[in-house]
Amino acid sequence: MVKDFLQDSDGDILITDGDFVIGDSDNDHIVDIINSNQGDWKEFILCGVGIDNYLNSSGMQLQLKKNIITQLGIDGYGSITVVFTGNDTSQFQVDAIRG
């Protein structure tokens, strides 16, 4: 389990009672990796799924799933599952465990 500054639903740093909130940040890290494009992270230029490139694309679920599993695996996650809840690439759930 990794601790970090938590994010709100908009991706901004979560602040409660005028202070940063620190907690289990694995879900935030997974969301950041899925939302970012390769090249967005200066230190890790190959990190990122680039979900915007897949949204509303037909026939891309398998490729998106493979990319998510690969990127999260590189970042140290295991037991990664990606389940699509709709017929396109915009509705899915990711579960992963660090370590």
Side-chain angles (χ1 to χ4, degrees):
M1 181 182 323
V2 175
K3 300 258 186 212
D4 202 346
F5 297 111
L6 296 182
Q7 301 174 12
D8 62 17
S9 60
D10 294 326
D12 296 323
I13 292 179
L14 185 61
I15 298 175
T16 301
D17 297 327
D19 204 358
F20 300 118
V21 178
I22 297 174
D24 178 19
S25 60
D26 282 330
N27 287 336
D28 290 344
H29 290 214
I30 290 169
V31 169
D32 289 342
I33 290 171
I34 291 172
N35 286 329
S36 63
N37 291 297
Q38 289 186 348
D40 286 351
W41 302 98
K42 181 178 178 182
E43 302 85 11
F44 307 102
I45 59 171
L46 297 178
C47 179
V49 172
I51 188 65
D52 290 338
N53 299 321
Y54 293 94
L55 291 180
N56 301 318
S57 299
S58 62
M60 297 294 286
Q61 286 182 336
L62 188 58
Q63 184 176 351
L64 174 59
K65 180 178 181 176
K66 180 180 176 185
N67 198 2
I68 291 171
I69 291 170
T70 300
Q71 291 296 325
L72 293 180
I74 290 169
D75 199 51
Y77 289 92
S79 301
I80 304 164
T81 58
V82 180
V83 177
F84 290 92
T85 56
N87 293 328
D88 60 21
T89 56
S90 65
Q91 300 172 1
F92 61 92
Q93 180 177 344
V94 177
D95 291 311
I97 299 170
R98 185 173 290 278

Should Leu64 and Leu55 be counted in the same cluster of Ile, Leu, Val, Met, Phe, Trp and Tyr side chains packed under 4.5 Å apart?
yes

Determine the minimum heavy-atom distance between Ile30 and Ala96, stating which atoms define it.
CD1-CB, 4.0 Å

Does any non-hydrogen side-chain atom of Val31 lie less than 4.5 Å from one of Asp28?
no

Quick one: do Ile34 and Gln71 satisfy side-chain contact (heavy atoms from CB on, under 4.5 Å)? Show the steps, please.
CA-CA 8 Å; Ile34 291 172; Gln71 291 296 325; over 6 Å; no

Any chance you could pull the hydrophobic cluster mates of Phe5, using side-chain heavy atoms under 4.5 angstrom and chaining through other members?
Ile13, Ile15, Phe20, Ile22

For Asn35 and Ile51, work out which heavy atoms get closest and say how close.
OD1-CG2, 3.4 Å

Non-hydrogen atoms of Cys47 and Trp41 that approach each other most closely
O-CD1, 3.7 Å

Among Ile, Leu, Val, Met, Phe, Trp and Tyr joined by side-chain contacts under 4.5 Å, find the other residues sharing a cluster with Leu6 and list them by chain and number.
Leu14, Val21

Supply the atom-to-atom distance Lys3 NZ to Asp26 CG, rounded to the nearest 0.5 angstrom.
10.0 Å

Phe84 and side chain to side chain contact (heavy atoms under 4.5 Å, CB included): which partner among Lys65, Gln91, Gln93?
Lys65

Measure the spacing between CZ of Phe44 and CD1 of Ile33 and express it to the nearest 0.5 Å.
10.0 Å

Given 3.5 Å as the limit, does a donor-acceptor pair link the side chain of Asp8 with the main chain of Asp10, or not?
yes

Atom NE2 in His29, atom CD in Gln7: separation rounded to 0.5 Å?
7.5 Å

Indicate the atoms forming the closest heavy-atom contact of Ser25 with Asp4, along with that distance.
OG-CB, 3.2 Å

Are side-chain heavy atoms of Asn37 and Asn53 found at a separation under 4.5 Å?
yes

Option among Asp75, Leu72, Asp24 that satisfies the side chain to side chain contact (heavy atoms under 4.5 Å, CB included) test with Arg98:
Asp75

According to side chain to side chain donor-acceptor pair (under 3.5 Å), who are the partners of Tyr54, at least two apart in sequence or on a separate chain?
Asn67

Please indicate whether Asn27 has more than 12 foreign heavy atoms, meaning atoms of other residues, nucleotides or ligands, lying under 6.0 Å from its CG.
no

